[in-house]
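Positions are given from 1 along the sequence. Computed from heavy atoms alone, side chains included, the values below leave out hydrogens, waters and symmetry copies.
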Amino acid sequence: MATRHVARTIVLQSFYEWDFYNREHDLTAIVERNMVDFGSGIDEPEFVWKIVKGIVEHLKDIDNVITRAAPDWPIDKIALIDRNVLRIGLYELLYADKNEVPPKVAINEAIEIAKNYGGNSSPRFINGVLGAVYRETTGEVKEK
């Protein structure tokens, strides 16, 4: 399994736990523990921290994008896994260096994570939201 994919799953696990406990636990401690427990083979630990820091810095904006892109789903009603997969995908799609993580890679990685950790409809939901945001930001028209 690619090291960046593992890094993203560690970020997902960390944000899931942080959200589950209503953000009352120390996110840094959660990430550090998950890095030890699940990321011993990661050769780019700074990639985990870059995503975590970026999501935290842009959390309000990312959640607003989710709210706009999925108006039928209030953010607090979106499954914890899906909400945090979207946060990772949107951070990479909107704020990460496009040369480091091209938009289509960000979307595909989020879909793969949703397939592994989400429910049956999670990949389709993640793809729909991220695809809509991608089209909006690039001006691309959806193919039929």
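Contact check for V85 versus Y117: no side-chain heavy atoms found under the 4.5 Å cut-off. Contact of the E100 side chain with the E92 side chain is not registered, since no non-hydrogen atoms from C-beta on lie closer than 4.5 Å.
Evaluation of the side-chain hydrogen bond (donor to acceptor under 3.5 Å, both in side chains) rule for D43 yields T3 as partners, not counting sequence neighbours. Under the rule for a ring pair (Phe, Tyr, Trp, His ring centres under 6.0 Å), F38 has no partner lying at least two apart in sequence or in another chain. R124 pairs by the side-chain hydrogen bond (donor to acceptor under 3.5 Å, both in side chains) definition with nothing, not counting sequence neighbours. Here K115 pairs with E112 under the side-chain hydrogen bond (donor to acceptor under 3.5 Å, both in side chains) rule; sequence neighbours left out.
Of the possible donor and acceptor atoms, one in the side chain of R135 sits under 3.5 Å from a partner among the backbone N and O of G131.
Sequence neighbours left out, the pairs with a member in residues 24-36 that pass salt bridge (Lys or Arg N to Asp or Glu O under 4.0 Å) are E17-R33. For residues 62-81, the pairs satisfying side-chain hydrogen bond (donor to acceptor under 3.5 Å, both in side chains) are D63-R87, with sequence neighbours left out.
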Side chain to side chain contact (heavy atoms under 4.5 Å, CB included) assessment of N84 paired with W18 | CA-CA 10 Å; N84 286 297; W18 192 54; over 6 Å; no
Which is it for Y95 and I62 under the side chain to side chain contact (heavy atoms under 4.5 Å, CB included) test, yes or no, and what are the steps along the way?
-> CA-CA 10 Å; Y95 301 102; I62 290 169; 3.9 Å; yes
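Taking each heavy atom of G39 and I10 in turn, the nearest pair found is CA-CD1, 3.6 Å. Smallest separation of non-hydrogen atoms from L12 and I81: CD1-O, 3.9 Å. The shortest heavy-atom contact between G54 and Y91 is CA-CE1, 3.4 Å. Scanning both residues, G89 and A106, for their nearest heavy atoms gives O-CB, 4.3 Å.
Note that CD1 of I78 and OG of S122 are 10.5 Å apart. Values are rounded to the nearest 0.5 Å. With values rounded to the nearest 0.5 angstrom, I126 atom CD1 is found 8.5 Å from I111 atom CD1. Rounded to the nearest 0.5 angstrom, I30 CD1 and S14 OG are separated by 7.0 Å. Put simply, CH2 on W49 and OG1 on T28 are 5.0 Å apart, with the number rounded to the nearest 0.5 Å. With rounding to the nearest 0.5 angstrom, the OH atom of Y134 is 8.5 Å from the CG atom of L93. Summarising the geometry, atom CD1 belonging to I55 is positioned 4.5 Å from atom CZ belonging to F15; distances are rounded to the nearest 0.5 Å.
Taking 4.0 Å as the cut-off between side-chain N and carboxylate O, E57 and K53 count as a salt-bridged pair.
A chain of hydrophobic side-chain contacts below 4.5 Å, direct or via other Ile, Leu, Val, Met, Phe, Trp or Tyr residues, connects Y21 to L80.
When each of R8, K104, R4 is paired with E109, the salt bridge (Lys or Arg N to Asp or Glu O under 4.0 Å) condition holds for R8 and for no other.
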